[in-house]
Each structure stands twice: as C-alpha cells, then as structure tokens.
Trainee: 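Below is a structure I'd like to ask you about.
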Amino acid sequence: MAADGQWLTFLALILPFLGAAAAPLLVRAMGHNAAWVLALVPGFIFYHFTGFLQPVAAGETISGGYAWIESLDTDFSWYIDGLSLTFALLISGIGTLIVLYSGGYLKGHAHHGRFFSFILMFMGAMQGLVLADSFLTLFVFWELTSITSFLLIGFDHGREASRRAALQALVVTGLGGLSLLAGLLVIGGITGTASLSALLAEGESLRGAPLYMAALLLVLGGAFTKSAQFPFHFWLPNAMEAPTPVSAYLHSATMVKAGVYLVMRLNPVMGDTLAWETILPAFGGATLLVGTLLGVRQTDLKLMLAYTTVASLGLLVMLTGFGSKVAVEAAVLYLVAHSMFKGALFMVAGAIDHEAGTRDITHLGGIGRAMPITFAAAVLAALSMGGLPPFFGFLAKEEIYAGLAHGGSWGAALTAVAIAGNALMFALGFAVALKPFTGERVRTPKTPHEGPVLLWIGPAVLAASGLLSALASGLSHRFISSPMASAVAGEPVSVSISVVPHVGAPLLLSALTVALGIAAYLALERGRAAMAAVLEAIGWGPDRGFDQAVRGTVIASAAVTRFVQNGRLDVYMTVTFIILAAALFVPMIAFGELPAVPELPLLPFYEVAVLAIAFIGLGAVLWARDRLTAIVSLGIQGFAVAVLFMLLGAPDLSFTQFMVETLSVVILALVMTRLHLSPADHRPTDQKLLDTSVAVVCGAGLGLMLLRVVQVPFDGTLSAFFAENARVIAHGRNIVNVIIVDFRGLDTLGEIAVVMIAGLAILALVRIRPGAAPARAPKLPKAVEEKLEA
Amino acid sequence: METILAFTVAVFFAVSIYLMLSKHIIRILLGVAIFGNAVNLTLFTAGRVTRVVPPIIPVDLDTPAQATANPLPQALILTAIVISFSIFAFLLVLAFRAYQELGTDDTDGMRVAEPKGEELPPLGY
Amino acid sequence: MRTLIFRTIAPYLASLMVLFSVFVLLRGHNEPGGGFIGGLIAASAFAIYGIACGVAPVRRALYFHPMAISGFGLLVSGLSGVVSLFKDMPFLTGQWAEVHILGLAVDISTILFFDIGVYLVVVGAITSIALALEEREHV
C-alpha cells in the first residue's frame, strides 16, 4: 500500500464522523431512506479494508499515521494485522447492515437523524479503537466508544430506565477506561514504548517486570468492564434499553468485544504466564455460567440474547486465556461466528418487536407464517449459535472442545463449564428463534406481517453468511481465521477445520452439548421458574449494588456540601479569616521570622493628631448608634488617611482619597437614608468575643508581617529607575502620573476597564426592576415570592 | 514612622475584619470600605515612608534633586483607590437591591442561592 | 438638601469644579493631578449638581449618557495605544509631537490622550453611579 492507501485509510477512519455530521441533514431531506445513502459510509470502509485481505493473509502488517502532538511525541497512527483487520471488517460490514436496519426500525422517529449520527460516531470510534497503534489513540477511541454508547443507550432519554442504563454503562465502562489508562501508563513505563506495534516485541521484558502484575490487573480492569465479565456483567443486559439496532451492533457484535480485542491483542505480550492463564479462564468461565443461568430466567427476547452475549464474552475470554494455540483458534472462530449469529438474532428480536408489538416470549407464538423471511433468518442464525453443521458456529464449537482437551484437570473443568454453557446457549438460541414463530398463534398487540426490506435484509445477510463462510471454510480460514489467530497467538497459525465432521472427542462432546441443549430447551419453562426462585432467595446483585452506590454517593455529597456550604455568610467569613490568621502566624513562628521589637519613634504632634482622628473615626464606626453617625465616622477615618498621605509626600494620593471619601459618603448617604436599618451591633456576647479575637489576631498578624517587611533592607531599584527616567524618557515631571499613564499604561487600561464595567454593572442592577425581571429568572423560595407579590 | 504605621494598619485591619464578621450587610460594607484603606496603607508603608517630599522632578532638572517619597506604591495605590471605590459602589447597590428584593439585611435571611433545609438532590436517574 | 442657596450656587460651583478638573487633568503630567483625580473632581461636580437641582438638568447638561462618555474614554485610551503599533513599537509606547498653535510650541502626546481617556472613563462611570442612585430618590 503506497501513500495513496495511507490517505484512504485515514479517510476511512474519519469518514464515519463526517457521515455523523451529515446524517441529520440527510434525514431531513430524505426521511428514513437516508439509510441507503448513509450505508455507503460503512460500505466504503468495508470495501477499503477488503483490499488489505491479500497482503495480510500473506503475513504482512500495515501501519501508518500522522504526527499528532509532536512535542509529546504522540502519533495518530494505526496498525493493521489479522486481528485488527478482522475486527475492522466486522465493524464496517455489520455496520452497513445495521444502518440499513435502523432505517426501517426507527422509521418516522422524531430523532432519526440524531440516531444515525450517534451510530456512525460509534462506528468511527470502534473502528479507531481496533486499528489504533499508539496508546493514546487507543485510549481516546476507547473512551469515545463509552461515550457514544452512553448516548445510544440513553437515546430514548424520556424514560428513566434508559437514563439509568446509560449512566450505569458509562460509569462502569468509564471506570474501566481509567483503569486501562493507568495500565497503559504502567506498560509504557516498563517497556518505554507508546505503541502496540512496538509493544509486540517487548513481551519478554514486560512479563519479567516486577510491575507486570499491576499492569495486568489494571488492563484487565478495562477489558473486563467493557466486555461485561462477571462481576461487571450487569450493565450489559440493562443496556438493552437502547433501541434494538444499538443492541445488535454495540452490545453483541462490536463494542462489548472491545475488551476481548484488548485481551487478544495483548495475549502475545502479556499471555503465557500463570496469572494470565488463571485469571482469564476463571473469570471467563464464571461469566459463561452466570450469563447462561441468568439468561434462563428471562422472558424478554432481547434480555435472553443479552445474557447469552455475556456468556459468549466469558467464553471468549476463557479461550483466549487458556494458553493453547488451538484454544486461540477456537476463540477467533467463535468471535467471528458470534458476531454474525448474534447480530442476526438481535435484529430478528427487533423485527418481532416492531411487527408484533411485544418481545415477551410468553406472549408470542405462531407468527412464523406471517414473517417467513425473518423466521428463516432466525433459524439459520440459531443453528449457527447451537453449533450444528454445516454452520460457522459448528467449526467454532469443534475447535473449542479440541482446544480445551489438552489441559489436564484444569482443561477438563473448563470443558465441563463450556459444555454446560454451550448447552444452555443452545436452548436459549432456539427459544428465541423458534418459540415466537411456531406453535399456536397467540394474540399480539399488533398483527404481525413481514417488515419492509430494510428490516429483514440485515438478519438475512448475516444468517446466510454464517452458512456460506462455513461452506467455503478454505477461503474464510485463509483470509480471516488464520491471520487473526496468528496475530492473537503471536506466531503463525494455520486454521484448517472444515464442516466435514471428523469422528473424535470434540464431535462427541458436541453431540453431548446438543443433546443437553435439547433437554434444556424442553425444560426451559421449569428452569425459568427455578432460576426465578433462586434469584429471589439471593435478593441482592451488583445491579442493585450500583443503585445503592449511586444513592450513597449523592447522600454523602449532599451531607458534605451541607456541612461545608451551610449558607451562612458569617461562618464562611470566620473560617476564611481564621485560615488567614493561621497562614500569617504559622510560617512566621515556624521559620523564626517574627519582627524584632522596634524602637518607638517620637512623632510630631500633628501626625499624632491625625492618627488619633483616624482611630476615633474607626471607633465611631464600630459604636455608632445610628447610620448617619456611622457614615460620617467612615468619612472621618478616610479623611484622616488622606491627610496622612499628604503628610508623607503623596499629594496625588491625598487628593484622590479626599474625592473618593467624599463620594463614598455621598452615595452611602443616598442609599442608607432609604434603608430602614439600624447599623448597631446585634451579636450576642459570645459571638462578639469570638469575632473580636479573630479580628484582633488577624490584624496583629498583618501588622507584624508589615513590621517584618519594613525591617528588611529596601530594594529601591525599580523606584530609582522610574525616578531617573520619568523626565528623560517620558517627558513628565510628576513621577507618579508618568508611571500610571506611561510606564504601566497597560495596567491602567485594564483598571479603567474595571471601573467602567463596575459602572455598567451598577446601572444594570438599578435598572432591573422586579416587574421587568428577565423571563428566565431563577426560581425564588416561596417566602420571597410571597413578599415580592405583596 | 513605619512602626507606627504598621500598628495603625493592624488597627485598621482588626476593625474592618470585625465589621465584616457581622451578619448585617451594612456593617460588612463599612468593613469593606475600611479594608480598602488598610490595604492601601499596607502597600504604602511597605514602600517605605519619607516625610513631605513628593515624587516630583523640579522644572530645571532631569531627575529629582533629593530623595523623594517612593513613587511606585503611590501609583499602585492611586488606581487601587479608584477601583476599590467602584467595587464598593457596586457592593453597596447590590446590597441595596438585595434588601429591596428580600426585605432583610441579615445575611442569615439571604438564602435564595442556598436555601435552608434544602432537599436532597434527585436520587433517581 | 435642596435649599435655595444651594440650588442657586450649585450650577456655578459645578461648572467651576469641572473647569478645575480639566486644569488638574492637563497639568497632571508635571504637577500633582492627572486623569483619575480630575475625573473624580468632575464626577463630584455632577453629583453635587444632581443633588441640588435634580437629575434631569444634569442629564441635559451632559447631553450624552454618562456610560457612553465612559465607553468613549476607554476607546480613546485604547486607540492612543494603537498609534505606536504603526511605528513598529509595542502597544502603548508614548509618541510625542510638537505642534505650533498661534506661534506657541505645544507638546502633544499619545500619553495626553491616554490620560484624557482615563478622565472620561472615571467621569462617566462615577457620574452614572451617582446619578442612578440620586434618581431613585424620586421613584
């Protein structure tokens, strides 16, 4: 691939986002038929990536990118090998079908354009995630999938359940994302690389590092939350609140596989250790069992499928972590198979819901004749899910049992888990594909009939591809399975299994699974009742735990806020000044910086008089009995300060102070004469005592600090510069004025701007009358409102 | 002289802080006005004090003939006085309007933004 | 407040104060004074006028809205700093020129215009505050 290809790949990466921007306009222009146009976006991407099949099958890897933040040595780069290519094809391929399907499913929805936007954005994020090379690109896209998933789950934001599910998914996967970020940083710290392609060569040093365990746990924290591994599985079934196209796309075929992708990507680097081969199968196996058992309990088609998705994700993690080459092959095959049959089944469930008006399995039956194409697609997909020949799922199932066979007792235990899980999934799959369509016709809210082409084309294509890819297993292995398995295993792997059954242990185990599955299918009703009873007995799950955690957080933060921010200004002020006092005294005492005891100078009598007047003014403000006395006293201390400035060689200051004090007294008088208040102190004695001590300590601290400041030698450089240059450079003899308007003119410009803004603000305050209050005024408490009306 | 001024500043600060700790808006405002003076005096004193000679260059010279008062803090304070006046005026009008709307000058009664016994934020989703 | 003597004398007092304020503004570069002080003096003049004779005459006398004067001042100050940009000098560098008016050499500078801007901002803003508060008395 030459430079052209690089450019096109970049286009493929950003095209979904461009499509997302255009989607609302297209929908406005064309209605739901915009789906046909928008499907071209993933269609083009799919076509573009098929061009890589040939070189990747030949063992090449393609990387490219652009410098992103050069100063941080960060690139926007991608890396295409068997693993990322398969994912990219699944995302764009299924994405095409999903876009078409949502065109039919959400037809006439008020926010159809927004939905297309979200789903295309998600597609772009997911695409970027699997193709990313640099850690930063990976992380950014990882988080972007969480955010777009949040938007999609909460698409129907008028319902509380939707909002809850969206928030829950965001919190769980978002926390996982943080954990992943930390893990990537640890990995980067150990190996010194910041890209996946470079990391692939650093496996030895990473596995040997003392921080390996920390890195592993952090990365798995990200992968397990994203891929809904037990005990983080609860958000995935809740995410079924999203419209069905979202469930089909994000929560079965793509996003939830991001965690699996990460585990597979890191398998050659971090795998092959005891921790890896214990943690992954243990959690995967637990997830498989929990997922299927909880799935048995459900009656909602989508929820049944959701729990089997959880189970499948567990199976994938278990296989990836098992550590044998064949298990990796099995994981790869199952991943591809699952994306196809689960996507199809979800779309079938959505079509049923859309056409019949319900997706409760106990209220459905016999609609197969009305919806023959959907029925056919469902059966094909279920056959693949059940692992029956000649479907792709069969290849996967054979390989699973072959892969787990060589592991001693650990392998045997996991095989038993896999058989149990697969049998239950078999039952659930056929329950979804058969129960609504066969049997006696049940009355449904809507009279079902075959949906428009947009609704059935997706499931039909996916279900058929599950069959075709197995029949042409040579081709699909050569271009998909083998390159991907090689990338996951970290060494060349050639997948060769075909639909022709070989008699052996795997086939027997498959037969056993099918037999158990049929038994479970027949006993599904009783199983559901039993599981319901068990769950009732347990009573608590992580899902309710999430609610409790959220409630607890809100209540705790409200309590903290109420304590810290109690709405009492005097408390805020007291705390502020106590801290000020501490900030003044603690360093002064700790560092021995208390001022020396100064000599008391003898002052000329007029200075003493001025100071005395100032103190009298202050005292009068404190003890004034009526407001006019207080205002006048305020003026007295201000004028005393002005005189002080005059005596100490600052005539400019003195004039300014005089004018300002005059104006202050005038406007205070103007305002105060209309306030019916007494300025007298109403504080109780103990309050007075506290306030006095705080004030005295603060004042003393500030005074001591100033005393200390004037006791160190004075650096007059700056003042001397101004004195020497005022006339020479700036042609002015009043140094103070020259500093204000010339040397520090920019400051002054800022300051007069402040004066003007204050003037404007005051004007606005005076002008806004209660009657002419702005339309969106904040809601006032009742008492205030009543007062205003009176 | 600086010693005496430091003491003066301490008294100014103590009085203004005591006033600001009050619950009554008017007393707080008086405190703010005095606080401005206290800060200006602090700046002034920190720049050292000389008596009488203002920082003005005589007509026939290019630089001051003798040591003058420090011009820099004066320039800083001059603008500070005008700005603190503007802010004081703003606070005054704000307090006045608050009094008109809420009918009280007691800060405990001004709880539009932080009402008493506020309910818990929504616990649902 | 509105005694006969006060009302009679206020217009004269105010105009004298405004005149004085301009004087203080212009001599500010060499003697105590300047835009801030001059502006405050003028603003007090208008405030006194307003207290004595009511706000309406003051608004008439000012012709422009005080905040408009203030904004114009800010504009003048800002523009006086722009001049130096044309000479490839930093913003607000002082520029001087000698102008001969009736045979008298007068120094004109951007600094002067800057100070005039300061004066106008202070006059406008503070007069606006004072008038707004005085007006409310009669509401």
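To find a chain, count down the sequence lines: A is the first, B the second, and so on, and within it residues start at 1.
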Trainee: For the candidates P64(B), A14(B), A69(B), G31(B), which exhibits the highest count of non-hydrogen atom pairs separated by less than 4.5 Å from chain A?
Mentor: A14(B)
Trainee: Among L92(B), I17(B), I57(B), which has the most heavy-atom pairs under 4.5 Å with chain A?
Mentor: I57(B)
Trainee: Any chance the side chains of D652(A) and N737(A) put a donor and an acceptor closer than 3.5 Å?
Mentor: no
Trainee: Compare all side-chain heavy atoms of E2(B) with those of L706(A) and state whether any distance is below 4.5 angstrom.
Mentor: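 Not touching, per the 4.5 Å side-chain cut-off.
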Trainee: If I compare all heavy atoms of S654(A) with all of A642(A), which pair ends up nearest, and what's the gap?
Mentor: OG-O, 3.0 Å
Trainee: Between L618(A), V671(A), V755(A), V697(A), which has the largest tally of heavy atom pairs under 4.5 Å with chain B?
Mentor: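 Between L618(A), V671(A), V755(A), V697(A), the count favours L618(A).
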Trainee: For E607(A), is it the side chain, the backbone, both, or neither that has a heavy atom closer than 4.5 Å to a heavy atom of chain B?
Mentor: side chain
Trainee: Classify the ring geometry of F35(B) against F13(B): parallel below 30°, tilted from 30° to 60°, perpendicular beyond 60°.
Mentor: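 Rings of F35(B) and F13(B): perpendicular, as their planes differ by over 60°.
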Trainee: Contact part of Q168(A) toward chain B, heavy-atom cut-off under 4.5 Å: side chain, backbone, both or neither?
Mentor: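 Neither part, no heavy atoms under 4.5 Å.
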Trainee: In terms of heavy-atom pairs under 4.5 Å, which option from V9(B), L78(B), V49(B) contacts chain A the most?
Mentor: L78(B)
Trainee: Between L61(B), L5(B), V59(B), which shows the greatest number of heavy-atom pairs under 4.5 Å with chain A?
Mentor: V59(B)
Trainee: Between T561(A), L167(A), D547(A), who has the most heavy-atom pairs with chain B when the cutoff is under 4.5 Å?
Mentor: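 Top count of heavy-atom pairs under 4.5 Å with chain B: D547(A).
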Trainee: At a heavy-atom separation under 4.5 Å, does L707(A) approach chain B through its side chain, its backbone, both, or neither?
Mentor: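 Contact with chain B is through both the backbone and side chain of L707(A).
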Trainee: V754(A) versus chain B, heavy atoms under 4.5 Å apart: side chain, backbone, both or neither?
Mentor: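 Looking at V754(A), just its side chain touches chain B.
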Trainee: Need one label for I4(B): side chain, backbone, both or neither, based on atoms under 4.5 Å from any heavy atom in chain A.
Mentor: side chain
Trainee: Of the backbone (N, CA, C, O) and the side chain (C-beta and beyond), which part of L668(A) lies under 4.5 Å from a heavy atom of chain B, both, or neither?
Mentor: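 Contact with chain B involves both backbone and side-chain atoms of L668(A).
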Trainee: Side chain, backbone, both or neither: which part of I762(A) has a non-hydrogen atom closer than 4.5 Å to chain B?
Mentor: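 Its backbone and side chain both get close to chain B.
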Trainee: Please tell me if the side chains of Y18(B) and V694(A) come closer than 4.5 Å, counting only heavy atoms from C-beta onward.
Mentor: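 No, every pair of side-chain atoms sits at 4.5 Å or beyond.
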Trainee: Is F743(A) close to chain B through its backbone or its side chain, or both, or neither, when contacts mean heavy atoms under 4.5 Å?
Mentor: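 Interface part for F743(A): neither.
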Trainee: Using non-hydrogen atoms and a 4.5 Å limit, figure out which bit of F722(A) sits close to chain B: side chain, backbone, both or neither.
Mentor: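 Only the side chain of F722(A) comes within 4.5 Å of chain B.
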Trainee: Tell me which of these, V710(A), V709(A), T656(A), I739(A), has more heavy-atom pairs under 4.5 Å with chain B than the rest.
Mentor: V710(A)
Trainee: Does a side-chain N-to-carboxylate-O contact under 4.0 Å join D108(B) and K23(B)?
Mentor: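 K23(B) and D108(B): salt-bridged.
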Trainee: Throw together a table of side-chain donor-acceptor distances under 3.5 angstrom for residues 84-91 of chain B, partners on residues two or more places apart or in other chains.
Mentor:
from   : atom 1 : to     : atom 2 : distance (Å)
S84(B) : OG     : A80(B) : O      : 2.8
S84(B) : OG     : I81(B) : O      : 3.0
S86(B) : OG     : V82(B) : O      : 3.0

Trainee: Any chance you could measure L41(B), atom CG, to I77(B), atom CD1, to the nearest 0.5 Å?
Mentor: 7.5 Å
Trainee: Please step through side chain to side chain donor-acceptor pair (under 3.5 Å) for the pair D570(A) and Q687(A), ending with a clear verdict.
Mentor: CA-CA 10 Å; D570(A) 52 324; Q687(A) 184 72 38; 4.6 Å; no
Trainee: So do N37(B) and Q637(A) actually touch side chain to side chain, heavy atoms under 4.5 Å?
Mentor: yes
Trainee: Rounded to the nearest 0.5 Å, what's the gap from CD1 on I26(B) to CG on L30(B)? Could you check?
Mentor: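 With rounding to 0.5 Å, CD1 (I26(B)) is 7.0 Å from CG (L30(B)).
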Trainee: What part of V660(A) gets closer than 4.5 Å to chain B, counting heavy atoms only: side chain, backbone, both or neither?
Mentor: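 It is both, since atoms from each part get that close.
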Trainee: Quick check on the interface: out of D691(A), T553(A), T576(A), who has the most heavy-atom pairs with chain B under 4.5 Å?
Mentor: D691(A)
Trainee: Need one label for L718(A): side chain, backbone, both or neither, based on atoms under 4.5 Å from any heavy atom in chain B.
Mentor: side chain
Trainee: Can you say whether V712(A) sits under 4.5 Å from chain B via the side chain, the backbone, both, or neither, judging by heavy atoms?
Mentor: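 Contact with chain B is through both the backbone and side chain of V712(A).
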Trainee: Identify the heavy atoms of I735(A) and A726(A) that sit nearest to each other, and give their distance.
Mentor: CG1-CB, 4.0 Å
Trainee: Among A95(B), A33(B), G47(B), who wins on heavy-atom pairs under 4.5 Å with chain A?
Mentor: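 Most heavy-atom pairs within the cutoff with chain A belong to G47(B).
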Trainee: Could you have a look at T45(B), L76(B), N40(B) and say which one has the most heavy-atom pairs with chain A under 4.5 angstrom?
Mentor: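 With the most close heavy-atom pairs to chain A, the winner is T45(B).
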Trainee: Measuring heavy-atom distances to chain B, does A614(A) have an atom under 4.5 Å in its side chain, in its backbone, in both, or in neither?
Mentor: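 Looking at A614(A), just its side chain touches chain B.
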Trainee: At a heavy-atom separation under 4.5 Å, does I667(A) approach chain B through its side chain, its backbone, both, or neither?
Mentor: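 I667(A) touches chain B through backbone and side-chain heavy atoms alike.
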Trainee: In the structure I gave you, are the side-chain heavy atoms of Q711(A) and P598(A) within less than 4.5 Å of one another anywhere?
Mentor: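 SC-SC contact between Q711(A) and P598(A) confirmed.
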Trainee: Of all heavy-atom pairs between Q66(B) and V53(B), which one has the smallest distance, and what is that distance?
Mentor: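 The pair with the smallest heavy-atom distance is NE2-CG2, 3.8 Å.
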Trainee: Under a 4.5 Å cutoff for heavy-atom pairs, which residue among R164(A), R551(A), Q657(A), R163(A) has the most contacts with chain B?
Mentor: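 Most heavy-atom pairs under 4.5 Å with chain B: R164(A).
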Trainee: Select one option (side chain, backbone, both, neither) describing which atoms of D62(B) are under 4.5 Å from chain A's heavy atoms.
Mentor: both
Trainee: May I ask you to name which of A695(A), A558(A), G703(A) has the most heavy-atom pairs under 4.5 Å with chain B?
Mentor: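 That would be A695(A).
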Trainee: Within a 6.0 Å radius of atom CZ on F615(A), are there more than 12 heavy atoms belonging to other residues, nucleotides or ligands?
Mentor: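 Counting other residues, nucleotides and ligands, CZ of F615(A) exceeds 12 neighbours.
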Trainee: Might you point out which heavy atoms bring M646(A) and P651(A) nearest each other, and give the distance in Å?
Mentor: SD-CA, 4.3 Å
Trainee: Heavy-atom distance under 4.5 Å to chain A: side chain of V93(B), backbone, both or neither?
Mentor: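 It is both, since atoms from each part get that close.
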Trainee: Taking side chain as everything from C-beta outward and backbone as N, CA, C, O, which of these in L663(A) sits under 4.5 Å from a heavy atom of chain B? Side chain, backbone, both or neither.
Mentor: both
Trainee: Less than 4.5 Å to any heavy atom of chain A: does that hold for the side chain of I25(B), its backbone, both, or neither?
Mentor: neither
Trainee: Can you sort out the partners of R744(A) under salt bridge (Lys or Arg N to Asp or Glu O under 4.0 Å), two or more places apart, ordered by chain and number?
Mentor: D747(A)
